[in-house]
Undergrad: 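After the structure tokens below, expect a handful of questions from me.
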Amino acid sequence: MHGRGRGVAGQMGRGRLMPNKQNLRVVECKPQPCIVSVEGLSSSTTDVQLKNLLMSVGPIQSLQMLPQQRKAIAKFKEPAHALAFQQKFHR
């Protein structure tokens with residue numbers, strides 16, 4: 001994983017993701033490696049769209065949308081899926 005001086009997998013990092021021309025940042029929340037924070041969501045992003053994006057990497061346990069803050073918190077069932085999501089969409 002490369003970018004903004006963070007080269008060790010598992011460290012908190014920020015990235016950009018552009019499904020449907022959106023600019024999102026994926027931030028891994030520590031110390032719980034199964035949880036990711038997706039920031040910079042468009043006001044038109046639905047929970048179904050985001051859930052489909054998350055599940056493209058692996059099964060999720062929960063998804064909490066925070067539209068006022070333009071972000072969402074997702075908990076994957078396995079830490080490896082959270083890491084894979086972060087690596088796939090970290091820009």
Side-chain angles (χ1 to χ4, degrees):
M1 174 167 57
H2 298 288
R4 297 196 184 186
R6 291 177 170 90
V8 179
Q11 285 186 325
M12 182 176 285
R14 296 180 189 267
R16 292 185 188 259
L17 160 71
M18 293 176 44
N20 303 344
K21 299 180 182 176
Q22 296 180 44
N23 290 322
L24 306 179
R25 290 182 302 279
V26 180
V27 180
E28 182 180 7
C29 298
K30 292 174 73 176
Q32 298 183 3
C34 290
I35 297 176
V36 293
S37 174
V38 183
E39 301 176 353
L41 291 169
S42 166
S43 59
S44 64
T45 301
T46 67
D47 57 341
V48 173
Q49 290 172 321
L50 189 54
K51 189 173 183 179
N52 288 337
L53 185 69
L54 291 159
M55 291 180 66
S56 73
V57 174
I60 61 169
Q61 190 170 349
S62 63
L63 174 62
Q64 179 183 10
M65 297 288 286
L66 303 167
Q68 302 291 3
Q69 298 173 27
R70 297 182 57 210
K71 74 178 196 177
I73 309 290
K75 183 173 185 179
F76 283 91
K77 290 186 178 181
E78 299 293 330
H81 294 131
L83 182 59
F85 183 80
Q86 182 185 16
Q87 289 174 338
K88 185 174 181 179
F89 296 109
H90 180 82
R91 299 285 182 253

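Every value quoted in this text rests on a predicted model; they were computed, and no experiment measured them.
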Undergrad: Can you tell me which residue pairs pass the ring pair (Phe, Tyr, Trp, His ring centres under 6.0 Å) test with a partner in residues 34-72, sequence neighbours excluded?
TA: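 Output for this query is empty, none listed.
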Undergrad: For a side chain to side chain contact (heavy atoms under 4.5 Å, CB included) check, start with the C-alpha distance between Phe89 and Val38, then their side-chain angles and the critical distance, and finish with the verdict.
TA: CA-CA 10 Å; Phe89 296 109; Val38 183; over 6 Å; no
Undergrad: For Phe76 and His81, work out which heavy atoms get closest and say how close.
TA: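 Distance-wise, the nearest heavy atoms are CD2-CB, 3.6 Å.
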Undergrad: Grab the two heavy atoms, one from Pro33 and one from Ala82, that are nearest each other, plus how far apart they are.
TA: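 Nearest pair, atom of Pro33 first, then Ala82: O-CB, 3.1 Å.
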Undergrad: Verify side chain to side chain contact (heavy atoms under 4.5 Å, CB included) between Phe85 and Leu53, making sure each step is shown before the conclusion.
TA: CA-CA 9 Å; Phe85 183 80; Leu53 185 69; 4.2 Å; yes
Undergrad: What closest approach, in Å, do Asp47 and Leu63 show between heavy atoms, and which atom pair accounts for it?
TA: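 Residues Asp47 and Leu63, closest heavy atoms: O-CD2, 3.8 Å.
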Undergrad: I need the Ile35 CD1 to Ile60 CD1 distance, nearest 0.5 Å.
TA: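 Result: 12.0 Å between the selected atoms.
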Undergrad: Quick one: CZ on Arg70 to OG on Ser43, what's the gap to the nearest 0.5 Å?
TA: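 Reported to 0.5 Å precision, the distance equals 7.5 Å.
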Undergrad: What heavy-atom pair brings Gln49 and Ser44 nearest, and what distance separates the two atoms?
TA: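 Scanning both residues, the minimum pair turns out to be OE1-O, 3.6 Å.
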Undergrad: Restricting to pairs with a member in residues 44-68, which pass ring pair (Phe, Tyr, Trp, His ring centres under 6.0 Å), not counting sequence neighbours?
TA: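 Sorted pair list comes back empty.
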Undergrad: Met65 and Leu50: which non-hydrogen atoms are nearest, and at how many Å?
TA: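 Shortest heavy-atom separation between Met65 and Leu50 comes out as SD-CD2, 3.7 Å.
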Undergrad: Locate the shortest heavy-atom distance separating Leu41 from Lys71; write the atom from each residue and the value.
TA: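 What the structure gives for the nearest pair is CD1-C, 3.5 Å.
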Undergrad: Taking only residues two or more places apart in sequence or in another chain, which ones pass side-chain contact (heavy atoms from CB on, under 4.5 Å) with Ser62?
TA: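 side-chain contact (heavy atoms from CB on, under 4.5 Å) check on Ser62 returns Lys75.
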